[in-house]
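Single-structure report; data block below.
The structure displayed is predicted, hence computed values, not measured ones. Note on naming: letters A, B, ... go to the chains in the order of the sequence lines (proteins, then strands), and numbering restarts at 1 for each one.
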Amino acid sequence: MVDLNATLIAQIINFLILVVILTWVGYKPLMKALADRQAHIAESLETAEREKVVAEELKLEYQQQLAQARSQAQAIVEKATKLAEQTKDEILQEARAEHARLLKVAADEISRERERALAQMRSEVVSLSIAAAGKVIGNNLDAAANAGLVTDFINRLDDQKLGDLKC
Amino acid sequence: MGGAHEIGAHKLAHWAGLTFNIDTLYMTWISMAIVIVFVFVATRGLKMVPGKWQNFMELVVSYLLDQIDSNMGSKGRKMAPLLISLFLFLLVANWLGLIPGFSSPTSDLNTTLGLALLVIALVHVLSIVNKGPVAYIKHYFQPYFPFVVINLIEEIAKPVTLSFRLMGNIFAGEVLIIILGILVPMWIPIPNVIWLAFSVFVGVVQAFIFTMLSMSYLSNSMNDSH
């Protein structure tokens, strides 16, 4: 049962062979894998940290750009509003000027027409009056005397004002 | 297995004038083959995200490495392959005897004493290398000269306890498996099952104890402060 023999030596040799084989087959690759994984994890963490910083910077940059874009848009709107205001004023002014000009033209036309009508009427009245007076009196004075008479008459009418018309 | 089975008897083989327990050697080679195949399978195609075999292997190795680091310090890593191999071999060897028709190589004192002597020889060699021959000899006479007797007994007791503890546990387990097989009829398998389950546990514990004690002996020889 506890008989020792050469098996003891054989077992020591067996075990040493086993140690060599296991070291070669298992231990070294496993240690390498563990070290690799540790390195990989460390690297991943580092990369993540780096990318986080980059992302933070990008975010800041985007925010700045956004703010800039917003203020630019604001400026554009303001400028457009101002321009529109200005244009409106210009158009109004122009319209007002045109209106005034047209009014003046119309008034001139009217006064000119009235002037002409009055003159025409006056000459007609003179000749009519002369004709009528000739018929009434029956004899004709000389033409110059007639005209003088009538013109005098009409001029005196002016003083009493005939309607709105100013002669 | 009958009553005629002589427990603990070995088939002998003679070669070059030496006597070998050939059945123990066969079982040792089977255990070695199982360990090598297992380690080979577990460490092929090692990946960043381990599969279940690799995971189990890493679990065992990491645990033992933690123990080695905490017990032996930075120098202990050099001994790590030896201690991990020792644990895996003893584990498989202890469990091998639980399979009917097989016996544990560790139930033969030749195996356990061989391993224990290997460890103790390593301890003494490392002591001399690390502490120097003078300090090594001097440490037998600490703290006073007469203590040399106690120190010598202690050094001799180390391999003896190491080997007999393991052999005794595993041998007793196998003996009881045989005896239970004889005493209890096969149609009442409960005692057998309970004892087999306990033997599985004992196999782990004894492999672990042998490894841990080897570790602590080795760490004593590696550390300068005693």
Residues of residues 13-22 of chain A contacting chain B, heavy-atom criterion under 4.5 Å, by residue number: Asn14(A), Phe15(A), Leu16(A), Ile17(A), Leu18(A), Val19(A), Ile21(A), Leu22(A)
- prompt: Is it the backbone or the side chain of Ile9(A) that comes under 4.5 Å from a heavy atom of chain B, or both, or neither?
  reply: neither
Electrostatic pair Lys82(A):Glu78(A) at N-O distance under 4.0 angstrom: no
- prompt: Is the shortest heavy-atom distance from the side chain of Leu66(A) to the side chain of Tyr62(A) under 4.5 Å?
  reply: no
- prompt: Is chain A contacted by the side chain of Leu86(B), its backbone, both, or neither, given a heavy-atom distance below 4.5 Å?
  reply: both
- request: Kindly say whether Asp23(B) contributes a backbone atom to a donor-acceptor pair with the side chain of Asn21(B) at under 3.5 angstrom?
  value: no
- request: Could you pull out all residues at least two apart from Phe198(B) that satisfy ring-ring contact (aromatic ring centres under 6.0 Å, His included)?
  value: Trp195(B)
query: Out of Thr112(B), Leu65(B), Ile84(B), Thr28(B), which one racks up the most heavy-atom pairs below 4.5 Å with chain A?
result: Thr28(B)
field: salt_bridge(Glu57(A), Lys52(A)) N-O dist < 4.0 Å
entry: no
- line: side-chain contact (heavy atoms from CB on, under 4.5 Å) filter on Gln63(A), not counting sequence neighbours, yields Lys59(A), Leu60(A)
message: Check this for me, if you would: do Asp36(A) and Lys32(A) make a salt bridge, where the nitrogen-to-carboxylate-oxygen distance has to be below 4.0 angstrom?
response: yes
Members of residues 115-125 of chain B whose heavy atoms come closer than 4.5 Å to chain A: Leu115(B), Leu117(B), Leu118(B)
- prompt: So, Glu174(B) and Ser104(B): side-chain donor and acceptor under 3.5 Å apart, yes or no?
  reply: yes
Residue pair Arg77(B) / Tyr27(A): nearest heavy atoms and the distance that separates them: O-OH, 3.9 Å
task: Heavy atoms only: give me the nearest Trp95(B)-Gly203(B) pair and the separation to one decimal.
output: NE1-CA, 4.2 Å
Cationic N near anionic O, under 4.0 Å, Lys88(A) to Glu85(A): yes
query: Hey, which of Leu82(B), Val39(B), Thr24(B), Thr111(B) has the most heavy atom pairs under 4.5 Å with chain A?
result: Thr111(B)
